[in-house]
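Worksheet for the structure shown next.
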Number of protein chains: 2
Amino acid sequence: MTAERDGERTQSQALKAQLALRELILAGALAPGERIAELAMVDRLGLSRTPLRAALLRLEQEGLLEEIPSGGYAVRAFSEADIFDAIEIRGTLEGLAARLAAERGVSAPQLGELKDCVAALEEIVESGEMSADDFARYVPLNARFHALLVDLAQSAPLRREIERATSLPFASPSGFVEAQAILPESRRILIIAQEHHRLVVDAVQNREGARAEAIMREHARLAHRNLQLALRGAGLSKVPGAALIRRRG
Amino acid sequence: MTAERDGERTQSQALKAQLALRELILAGALAPGERIAELAMVDRLGLSRTPLRAALLRLEQEGLLEEIPSGGYAVRAFSEADIFDAIEIRGTLEGLAARLAAERGVSAPQLGELKDCVAALEEIVESGEMSADDFARYVPLNARFHALLVDLAQSAPLRREIERATSLPFASPSGFVEAQAILPESRRILIIAQEHHRLVVDAVQNREGARAEAIMREHARLAHRNLQLALRGAGLSKVPGAALIRRRG
DNA sequence: CATGGCTAAATTGTATACAAGTTGTATTCA
DNA sequence: TGAATACAACTTGTATACAATTTAGCCATG
C-alpha cells in the first residue's frame, strides 16, 4: 500500500498520524499528563481511529505516551532525573558500540568515512565563534558521526536499542546542541566534544575497546552539562519537547 | 474495559492475542521468516483482526516480529551473534543499574531483601547436585534478584530499557538457566553466578559503583557460556524460542 | 453538608465491511 | 521458448458501526 505519487512517497495514514502526533507533543500543544481523546484527535488530524490507534501504540513504545490503566493514553512527563538517566543510558550503549567496533575491527573505507566526518566537524568548530548557521551544519554531521559508529559495531540488536534509546529528543546526541547556540559555554563544550571524536576514532583504529568505550561514555555526559546549562539559562525553550520536562520545585 | 469476573481478571482481547502469539512463536509453531497471515491467525485464535493487529504491532516492538516492507509481519530469526550481542546489551544495562544503585545508595530494608534473595539462592546451590526441582525454585529467585537490583537503581527510564532488552527469552537472565538443568557444567556455572550475586551485593552496600558494574557485566557473560554449551549440547531445545535461532552453517 | 449510589454521557475496545495494494498465474506476443 | 503484461485472487490498510466500560453529574439520604 505504499506507492509513488508525483515523485513523492505516499505514506500510510498510520505513519502520518505518528509523525503529526509526535510533532504536536514535542511542540507542547498537548500538556504532559493530559489524556489524548481519540475522537477529538481524529477530527484534528483528519483520519480515522484505526490508524490513529496504531500511532498511539507506537508512540507509547517510543516513550512519549504512557498507557492509562483504565484505558487510553496520556502524554508522558519527564523529570530532570529521567533525562539525566536517559542520557546516561545512551552513553552506556554508545560506549558498548564503540567497544564492539574496536574489538571487531573496522575496514579502511569505514574508518576513512569516520575520519572525514570528524574532519568536517573540526572545520566548523575551529572556525571560531559558532553562528546559527554553523550549528545548522554541525548537528547533522554530529548525528552522522554517531550513526557511523553504531554501524561499525555490526550489531543489529544494539542498533535497535540505541535507536530506541535516542528516540526521545533529550536523549539524542543532537538533543541539546540546538540549545547551545545561545549559550556562551557552547564553544568550549564543542571543543571538548571534538576532542572526544578524535580520541574515539583513534581508539577504534588501535582496537582499544575499553578506551573507546570510556571515551564515548564521557562524551555523552557533555549532554548532562548542556542539560544543566539549559535548565538554568533560557536555552531550554529551544529544545524540542521542553514542555514535557517537569521542573523540580 | 478491564473487569473482574469469577475472581479472575478478564484480559483484553489484544493482550490475549499478544500472549497467545508469543507462545506460538516461542514454541516454534511458526517458522522464522514466515509471514503471519492475519486472517488465518484470526481463525486460529478466535478473535477479530483489530486486537490481532494491535498484538502484532506490540510483538514487533518487542522484537519477535519484523515488518515486511510490502506490508504485514514475519517471524524474526536470530543469529548466534544476535543473541551474543543481546546478552552483552543486557549485561551492560544491568551493570549500569548496579552502578547507579551503588552510587545512589540503598536503604537497609532494600539491602536486606536483596541479601535474603541471595541467601535463598545460596541454599539451593550449596545443596549439591541440582535436581529439576531445584532449578524450578532457582529460576524465579534469580529473576527476583535481577528485578530487585533494577529497582535499586531508582530509574524509570533504565527500568524500561532493561525490560525491553530482556523481553527476548535468550537475553533474559533466566534464558538459558533451564537449559543448564541437563548440562554437567551447570553446577559449576551456578557456583560462579552465586559468587557474583554475593560480590555485587557487597559492592552496592559499600557504594563501589564501578565494581558493582563490572561484576554485573561479567555475571551476564555467564549466559554466553550457557549459549555455547547449549548450542553444542542438546540443551538448546529446552530454551524457549530455540526454533528462532539460525545456526550458522 | 457530605456521601453514597444511580443514571447518562463520553470514551475506549472490538468486530466487520470496504478500499487499495500486492502477488501469483495465465496468456499473448516477440 | 522466453518475457512481458494483464487479470484475478488474496492480503493488508482504513473507515465505521457496535459493544462494553469508565466517568462525571445528579439526586437522594444519612
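A note on names: the letters A, B, ... follow the listed sequences, proteins ahead of strands, and every chain is numbered from 1.
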Which nucleotide sits closest to the side chain of A:Ala14: C:dA15, D:dT14, C:dT12? D:dT14
Ion pair A:Glu94/A:Arg217, N-O distance below 4.0 Å: no
So for B:Ser70 and C:dT23, does any side-chain atom that can act as donor or acceptor lie under 3.5 Å from a complementary atom in the base? no
Whole-Å distance separating the CG atom of A:Leu39 from the P atom of D:dA15: 14 Å
Roughly, in whole Å, what's the span from CG in A:Leu45 to P in D:dT14? 14 Å
If I take atom CD in residue A:Glu67 and atom P in nucleotide C:dT11, what distance separates them, rounded to the nearest angstrom? 19 Å
As a test of reading the structure: which of C:dA17, D:dT16, C:dT12 is closest to the side chain of A:Ser48, going by heavy atoms? D:dT16
Which part of the nucleic acid, if any, lies within contact of A:Leu15, taking any heavy atom under 4.0 Å across all strands shown: a base, the sugar-phosphate backbone alone, or nothing? nothing
Please determine, for the side chain of B:Thr50, which listed nucleotide (D:dT12, C:dA15, D:dA15) has the closest atom? C:dA15
Between D:dT16 (P) and A:Asp43 (CG): distance, integer Å: 11 Å
Partner of A:Glu62 by side chain to side chain donor-acceptor pair (under 3.5 Å), out of A:Arg22, A:Arg164, A:Arg76: A:Arg22
Considering residues, nucleotides and ligands other than A:Glu34, do more than 12 of their heavy atoms fall under 6.0 Å from its CD? yes
For A:Arg53 and B:Arg35, take the nucleotide of DNA chain C holding the closest heavy atom to each; which residue's nucleotide lies nearer the 5' end? A:Arg53
Separation of atom CG in A:Leu57 from atom P in C:dT14, rounded to whole Å: 12 Å
May I ask you to evaluate whether A:Gln13 reaches the phosphate of D:dA15, defined as a side-chain N or O under 4.0 Å from OP1 or OP2? yes
Just compare C:dA15, D:dC18, D:dT12 and give me whichever is closest to any side-chain atom of A:Arg49. D:dC18
Do A:Arg44 and A:Glu38 meet the salt-bridge criterion of a basic N to acidic O distance under 4.0 Å? no
Contact class for A:Ile68 vs. all strands (heavy atom < 4.0 Å): base, sugar-phosphate, or nothing? nothing
Would you check, one step at a time, whether the test salt bridge (Lys or Arg N to Asp or Glu O under 4.0 Å) holds for A:Arg159 with B:Asp82? CA-CA 11 Å; A:Arg159 170 194 297 286; B:Asp82 285 340; over 6 Å; no
Mind checking B:Ala54 for me? I need base, sugar-phosphate or nothing, with any heavy atom below 4.0 Å counting as a touch. nothing
Just the rounded figure in Å: distance from P of D:dT12 to CD of B:Glu60. 15 Å
What is the separation between atom CD on B:Glu38 and atom C1' on C:dT16, rounded to the nearest whole Å? 14 Å
Whole-Å gap separating C1' (D:dT11) and CG (B:Leu52): 13 Å
Between A:Gly46 and A:Gly71, who's closer to the 5' end of DNA chain D by nearest nucleotide? A:Gly46
